[in-house]
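Index from 1, following the sequence.
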Amino acid sequence: MAKTGITLTRRGLGAMLAVGLLAGGLTACGNSDTGGDSDSGSSGGNGKLVIGFSQVGAESGWRTANTNSIKEAATTAGYDLKFDDAQGKQENQIKAIRNFIQQKVDVIAFSPVVESGWDTVLKEAKDAKIPVILTDRAVDSADKSLYKTFIGSDFVKEGKLAGEWLVKEKSAATGPVNIVELQGTTGAAPANDRKKGFAEAIAANPNLKVVASQSGDFTRAGGKQVMEQFLRANPKIDVLFAHNDDMGLGALEAITAAGKTPGKDITIITVDAVKDGMQALADGKFNFIAECSPLLGPQLMDLAKKVKAGEEVPARVETEETTFTQEQAKTALPNRKY
């Protein structure tokens, strides 16, 4: 009997060891692309504030500048940043957030791919007592307690600024002004809000008509492809409103290939003000840009520290932004950080 008991005990120990090794292997397979301890527990066991951040992807120059700002700010602050690239897919972000919860990070921050479908995973973070910060893009959840704050731009305002400039620019028009619109990713907050703000502004002039509106997914390739379709379907296009610089830059290629002069034959308005977009504006190929700053890193680190400490923070923190004409772009370009 004693011999049998010893044999069973050894088997039990072997099984326990195997499970322990498997669990250790799973813990080591996190999505963070930064160094740092991947052990669970508040502050990673080393006294550092641990932030789990899920980025939309790398679809544009703006997004790359946003990612760099966040990584650099975390390094400067001495925080442990666990960074995840969702590659434009909501399911990847949900998986990343659940991974952050499992790792027991101190704060979760993310820029939502789309507005809807977050309540379940945000409730899981709340139940785990991990505060959440939304960056750049909002969610449409009715339960505002699921996140602590939102930091980013007023996208409706950006669309309105673009539309208001166009209303003034085309105030002397006596006939129809045909506008095509390159929307951002379908369902994304900036796409929804910029479209709304622009439509509200141009309603002041009944001559301004949006004759075609389609998503270019915030990418240069998408902007070029959709603009090619617009040009084939609409023989007279007077204005292009692109929801970001990258789509506008892609559209430039299609406009040029069609034998038209961008900035003259077709007035081009975009949003973002990244370097390539500002260069196109200074060169006379774009006509107006409403700024959307990607440099959110320092503000995000400050908010993360405060929410972890239980301090009250504003429900919404807006970034300071402006607009640019062609002449203003020439002046601003030499000192542009992104």
Student: In terms of relative ring orientation, are Phe218 and His243 parallel, tilted or perpendicular, with 30° and 60° separating the classes?
Tutor: tilted

Student: CG/Asp265 to NZ/Lys236 distance, rounded to the nearest 0.5 angstrom?
Tutor: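 Between Asp265 CG and Lys236 NZ, I get 11.5 Å after rounding to 0.5 Å.
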
Student: Salt bridge check: are Lys82 and Asp84 linked by an N-O gap of less than 4.0 Å?
Tutor: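 Salt bridge between Lys82 and Asp84, a charged N being under 4.0 Å from a carboxylate O: no.
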
Student: Write down the atom of Ala201, the atom of Val167, and the distance for their closest heavy-atom approach.
Tutor: O-CG2, 3.5 Å

Student: Apply the side chain to side chain contact (heavy atoms under 4.5 Å, CB included) test between Lys308 and each candidate in Val50, Val105, Asp106; give the one that qualifies.
Tutor: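 Of the listed residues Val50, Val105, Asp106, the side chain to side chain contact (heavy atoms under 4.5 Å, CB included) partner of Lys308 is Asp106.
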
Student: Can you give me the closest heavy-atom contact between Ser54 and Phe100, atom names plus distance?
Tutor: N-CE1, 4.0 Å

Student: In Å, rounded to the nearest 0.5 Å, how long is the span from CG of Asn205 to NZ of Lys170?
Tutor: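 Here the interatomic distance stands at 11.0 Å.
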
Student: Would you say the side chain of Leu208 lies within less than 4.5 Å of the side chain of Val177, judging by non-hydrogen atoms?
Tutor: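 Yes, side chains in contact.
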
Student: Who pairs with Glu311 by side chain to side chain contact (heavy atoms under 4.5 Å, CB included), at least two apart in sequence or on another chain?
Tutor: Lys306, Ala309

Student: Going by distance alone, is a donor N or O of one side chain under 3.5 Å from an acceptor N or O of the other, for Ser141 and Asp143?
Tutor: no

Student: Salt bridge between Lys160 and Glu158, side-chain N to carboxylate O under 4.0 Å?
Tutor: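 No.
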
Student: Do Ser69 side-chain atoms and Asn66 backbone N/O form a donor-acceptor pair below 3.5 Å?
Tutor: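 Side chain of Ser69 to backbone of Asn66, a donor-acceptor pair under 3.5 Å: no, none is there.
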
Student: Counting C-beta onward and ignoring hydrogens, is there a side-chain heavy-atom pair between Gln326 and Phe288 closer than 4.5 Å?
Tutor: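 No, their side chains stay 4.5 Å or more apart.
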
Student: For Ser111 and Thr135, indicate whether the former's side chain and the latter's backbone hold a donor-acceptor pair under 3.5 Å.
Tutor: yes

Student: Does the ring of Tyr338 carry Arg336 above it, NZ/CZ under 6.0 angstrom from centre and within 45° of its axis?
Tutor: yes

Student: Quick one: do the Glu321 and Ser153 side chains pair a donor with an acceptor below 3.5 Å?
Tutor: yes

Student: May I have the step-by-step check of side chain to side chain contact (heavy atoms under 4.5 Å, CB included) for Ile237 and Lys260, ending in yes or no?
Tutor: CA-CA 10 Å; Ile237 295 174; Lys260 297 181 182 292; over 6 Å; no

Student: How many angstroms lie between atom CD1 of Ile289 and atom CG of Asp272, to the nearest 0.5 angstrom?
Tutor: 8.5 Å

Student: Can you confirm whether Lys95 sits close enough to Asn99 that some side-chain heavy atom of one is under 4.5 Å from a side-chain heavy atom of the other?
Tutor: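 Lys95 does not reach Asn99 side chain to side chain.
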
Student: Start with the C-alpha distance between Phe241 and Val271, add both sets of side-chain angles, then the distance that settles side chain to side chain contact (heavy atoms under 4.5 Å, CB included), and finish with yes or no.
Tutor: CA-CA 9 Å; Phe241 172 45; Val271 180; 4.0 Å; yes

Student: Do side-chain atoms of Asp80 reach the backbone of Leu49 as a donor and acceptor pair under 3.5 angstrom?
Tutor: no

Student: Using distance alone, with no hydrogens and no angle criterion, decide if Thr256 and Glu253 have a side-chain donor and acceptor under 3.5 Å apart.
Tutor: no

Student: Using the rule given for side chain to side chain donor-acceptor pair (under 3.5 Å), can you reason through Gln229 versus Gln214, listing the C-alpha separation, both sets of side-chain angles and the distance that settles it, and then say yes or no?
Tutor: CA-CA 10 Å; Gln229 296 171 13; Gln214 187 175 324; 3.3 Å; yes

Student: Answer with yes or no whether the side chains of Gln183 and Ser213 bring together a donor and an acceptor at under 3.5 Å.
Tutor: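 A donor-acceptor contact under 3.5 Å links the two side chains.
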
Student: State, with a plain yes or no, whether a side-chain heavy atom of Arg98 is found less than 4.5 Å away from one of Val121.
Tutor: yes

Student: What do you reckon, is CD of Glu320 surrounded by more than 12 foreign heavy atoms closer than 6.0 Å?
Tutor: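 Incorrect, the count does not exceed 12.
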
Student: Decide if the gap between the ring center of Trp118 and the ring center of Phe110 is smaller than 6.0 angstrom.
Tutor: yes

Student: Between Glu200 and Arg194, does any NZ, NE, NH1 or NH2 come within less than 4.0 Å of an OD or OE carboxylate oxygen?
Tutor: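 Salt bridge flag = no for Glu200 with Arg194.
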
Student: Under the salt bridge (charged side-chain N to carboxylate O under 4.0 Å, His left out) test, which residues partner Asp136, sequence neighbours left out?
Tutor: Arg63

Student: Is a side-chain donor-acceptor pair under 3.5 Å present for Thr325 with Glu327?
Tutor: no

Student: Hey, are the side chains of Gln328 and Leu281 touching, using non-hydrogen atoms and a 4.5 Å cut-off?
Tutor: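 No, their side chains stay 4.5 Å or more apart.
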
Student: Can you tell me how far CG of Leu161 sits from OG1 of Thr322, rounded to the nearest 0.5 angstrom?
Tutor: 8.5 Å

Student: Could you pull out the closest heavy-atom pair between Thr67 and Phe83, with the gap in Å?
Tutor: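 Of all heavy-atom pairs spanning Thr67 and Phe83, the closest is CG2-CZ, 3.5 Å.
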
Student: Run the numbers on Met301 and Ile51 for side chain to side chain contact (heavy atoms under 4.5 Å, CB included), then give the verdict.
Tutor: CA-CA 9 Å; Met301 297 308 133; Ile51 302 173; 3.7 Å; yes

Student: So do Ile179 and Leu240 actually touch side chain to side chain, heavy atoms under 4.5 Å?
Tutor: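 A side-chain contact is absent here, since even the closest heavy-atom pair is not under 4.5 Å.
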
Student: Looking only at heavy atoms, what is the nearest atom pair of Ala125 and Val132, with distance?
Tutor: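 Closest approach of Ala125 to Val132, heavy atoms only: CB-CG2, 3.8 Å.
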
Student: With the side chain counted from C-beta on, respond yes when Asp119 and Leu146 share a heavy-atom pair under 4.5 Å apart, and no when they do not.
Tutor: yes

Student: Once salt bridge (charged side-chain N to carboxylate O under 4.0 Å, His left out) is applied, do any residues pair with Asp276, and if so which ones, sequence neighbours excluded?
Tutor: Arg220

Student: Between atom CE of Met278 and atom OG1 of Thr331, what is the distance when rounded to the nearest 0.5 Å?
Tutor: 9.0 Å

Student: Decide salt bridge (Lys or Arg N to Asp or Glu O under 4.0 Å) for Glu124 and Lys126; before the verdict, give the C-alpha distance in whole Å, the side-chain angles of both, and the deciding distance to 0.1 Å.
Tutor: CA-CA 5 Å; Glu124 292 171 17; Lys126 182 180 179 181; over 6 Å; no

Student: So how far is it from Leu81 CG to Phe53 CZ, rounded to the nearest 0.5 Å?
Tutor: 8.0 Å

Student: Applying side chain to side chain donor-acceptor pair (under 3.5 Å) between Thr270 and each of Asp245, Asn287, Asn244, report the one that passes.
Tutor: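 Answer after filtering Asp245, Asn287, Asn244: Asp245.
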
